[in-house]
Amino acid sequence: MAIEQKLSLMIPGPTPVPEKVLQALSKHPIGHRSKEFQDLVESTTKNLQWLHQTQNDVLTITGSGTAAMEAGIINTLSKGDKVICGENGKFGERWVKVAREFGLEVIKIESEWGTPLNPKEFKEVLEEDKQKEIKAVILTHSETSTGVINDLETISSYIRTHDTALSIIDCVTSLGACNVPVDEWQLDIVASGSQKGYMIPPGLSFIAMSQKAWKATEKSNLPKFYLNLKSYKKSLLSNSNPYTPAVNLVFALDEALKMMREEGLNNIFHRHNKHKLAMSNAAKALNLKLFADEKCLSPSITAIKTDEIDAEEFRKKIKNKFDILIAGGQDHLKGKIFRVGHLGYINDRDIITIISAISNILLDMGKISTQEAGEALLLASKFLKAD
Ligand SMILES: *Cc1c(COP(=O)(O)O)cnc(C)c1O
C-alpha cells in the first residue's frame, strides 16, 4: 500500500498544482464586487491575453472547458447554420454532438483516430462553398484522446480565405503547451480550461473572442443565459463578472499566470516539447508503439499502444506500485492504449519517474530486458539535457 498524499497525476487533466497556487486557493474568499477583486480580474485578463498572444478579449467563465466551447458555438451561430466539424477523436466527436444538439447542420471532416485531420479537405470544402453558407469551422487542436496535434496553422489559413466562416477552436491541451498565436493565426474563438496547461484545479474556462466573433454574436439566435458572452464582455469593462465567479480559483489563476510569465512562453513550449520527445522515444525503446502518427505528436500527451498487454491492467499496476495515475483509452481504445499526460506543472523528474515506472512494470512482466530499460532511460536523458 502506497503512502497517502503522494499521488502523482500524469493524466491530461486535472494536472498537478504548484504549492504557490495551492496556497492561493486556501485563502479566505473576498467579495467579487470589491476593488481588490477587480484588480485581480484586470491583471489576470492582461496575463491571459499575453498567454494567448492576442489583443482580443479573453473572458473567464466559471465552468469546465466544455462550457467555453459551448459558449463559443451558441453565441455566434444560429439554428440551421452550416458548420464544419473536424473529428479525429473523442473531443472532435463531442463538438459534433454539441453542434447537433443546437440544431446546426454539421459537415464532418474526419480522420481515423491516431491520425491528424487533413488540412486540404478543409480547403476543398471551404472553396466549394461559393454561397458562403458555412458559418464556422469547429475543431480540436490537440486531440487529447489520441495524442495527436492537428495542423491548426494551416487549417486556419484556409478558414481565413473564406470570409464568413469563423474558427472555433478547442485549444484545451495546446494552450500553454505549444505555440498558439491567436492574433498571428487570426483565430476567432479559442477555448481552454484551468485544469490543463494552466496548473490550476478544474473549474475555470477561458474564451478568446475576435472582433469578427463579436460581430457574429449580433446575429446569433441560439438560446443562452449563463453563457451569454455579451454579459461577460460588458462586465469586463469594469473588471467584473456577470455572476459570482469561483473567487478562489481566480486567486489561483493569478498566481499560475505569474509563474508562467516568469518562465516565459518559449521556455514553456520548449519544456513541453522535450518532455514529449523524451516520453515518446523512451516508449519506443521499451518496445511499445506510439498510438499517434509520429509526425503529429501532441506536446501534452503521449498515447501508447500495449498490443498483447491489457492497458487497464497496466495502468492499475503503475497506480498500485508507484501511485502515479496515468490515463486509459476512451471508447474503443479502452484496454488498448494508455496515455501519459505531460502537461502543465511537469518537470524532468516527473518524466524520468514515469519512464522508470513503466520500465519497472514491463520488467516485472518479463516483457523487456534490463538493457532495454536502461537504454530507454539513457535516451530520455538525452532529450531532457537539451536545455
Ligand atoms: C479536457 C479537455 C476538454 C475539456 O473538458 P472538460 O471536462 O469540459 O474540462 C476539451 N477538449 C480537450 C481536447 C480536452 O483535453
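Both ligands and their constituent atoms are indexed starting at 1 by order of listing. Bear in mind the structure is a predicted one, so any value in this text is a computation, not a measurement. Atoms considered below: every heavy atom in the structure, side chains included; atoms not considered: hydrogens, waters and symmetry mates.
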Exercise. Is the centre of the Phe314 ring less than 6.0 Å from the centre of the Phe338 ring?
Worked result: yes
Problem set entry | Protein heavy atom at shortest distance from atom 3 (C) of ligand 1 | Phe91 CE2, 3.4 Å
Exercise. Going by atom types alone, do Ser298 and Ser142 pair a side-chain donor with an acceptor below 3.5 Å?
Worked result: yes
Problem set entry | Pair Ser167-Ser156, side-chain hydrogen bond (donor to acceptor under 3.5 Å, both in side chains): steps then yes or no | CA-CA 7 Å; Ser167 49; Ser156 68; over 6 Å; no
Problem set entry | Side-chain donor/acceptor of Asp188 to backbone N/O of Leu166, under 3.5 Å | no
Problem set entry | Electrostatic pair Glu124:Lys120 at N-O distance under 4.0 angstrom | no
Exercise. Salt bridge or not for Lys367 and Glu308, using N-O below 4.0 Å?
Worked result: yes
For this session: Using a 4.0 Å heavy-atom threshold (strictly under), name the region of Arg94 that reaches ligand 1: side chain, backbone, both or neither.
Result: side chain
Problem set entry | Residue Gln195 vicinity, atoms of ligand 1 by number, heavy atom under 4.0 Å | 6 (P), 9 (O)
Exercise. Any idea which atoms of ligand 1 are less than 4.0 Å away from a heavy-atom of Lys196?
Worked result: 1 (C), 2 (C), 3 (C), 14 (C), 15 (O)
For this session: Pull out every atom of ligand 1 sitting under 4.0 Å from any heavy atom of Thr140, numbered as shown with elements.
Result: 13 (C)
Exercise. Considering only heavy atoms of Thr173, which atoms of ligand 1 have at least one such atom less than 4.0 Å away?
Worked result: 15 (O)
Exercise. Atoms of ligand 1 less than 4.0 Å from Ser142 heavy atoms?
Worked result: 13 (C)
For this session: Could you list the atoms of ligand 1 found under 4.0 angstrom from a heavy atom of Thr144?
Result: 12 (C), 13 (C), 14 (C), 15 (O)
For this session: Using a strict cut-off of 4.0 Å, indicate which atoms of ligand 1 neighbour a heavy atom of Gly65.
Result: 4 (C), 6 (P), 8 (O), 9 (O)
Exercise. Does ligand 1 have an atom under 4.0 Å from some heavy atom of Met69?
Worked result: no
For this session: Examine distances only and state if a side-chain atom of Asn75 and a backbone atom of Leu229 form a donor-acceptor pair shorter than 3.5 Å.
Result: yes
For this session: Starting from atom 11 (N) of ligand 1, find the nearest protein heavy-atom neighbour and note its residue, name and distance.
Result: Asp170 OD2, 2.5 Å
For this session: Answer yes when Lys321 and Asp364 have at least one side-chain N-carboxylate O distance shorter than 4.0 Å, and no when they do not.
Result: yes
Seminar exercise, completed: Of Pro202, Ser64, Gly203, the residue with the heavy atom nearest atom 6 (P) of ligand 1 is Ser64
Exercise. Does Ala67 come within less than 4.0 angstrom of ligand 1, counting non-hydrogen atoms of the residue?
Worked result: no
Exercise. Is the Tyr226 ring parallel, tilted or perpendicular to the Tyr232 ring (thresholds 30°, 60°)?
Worked result: perpendicular
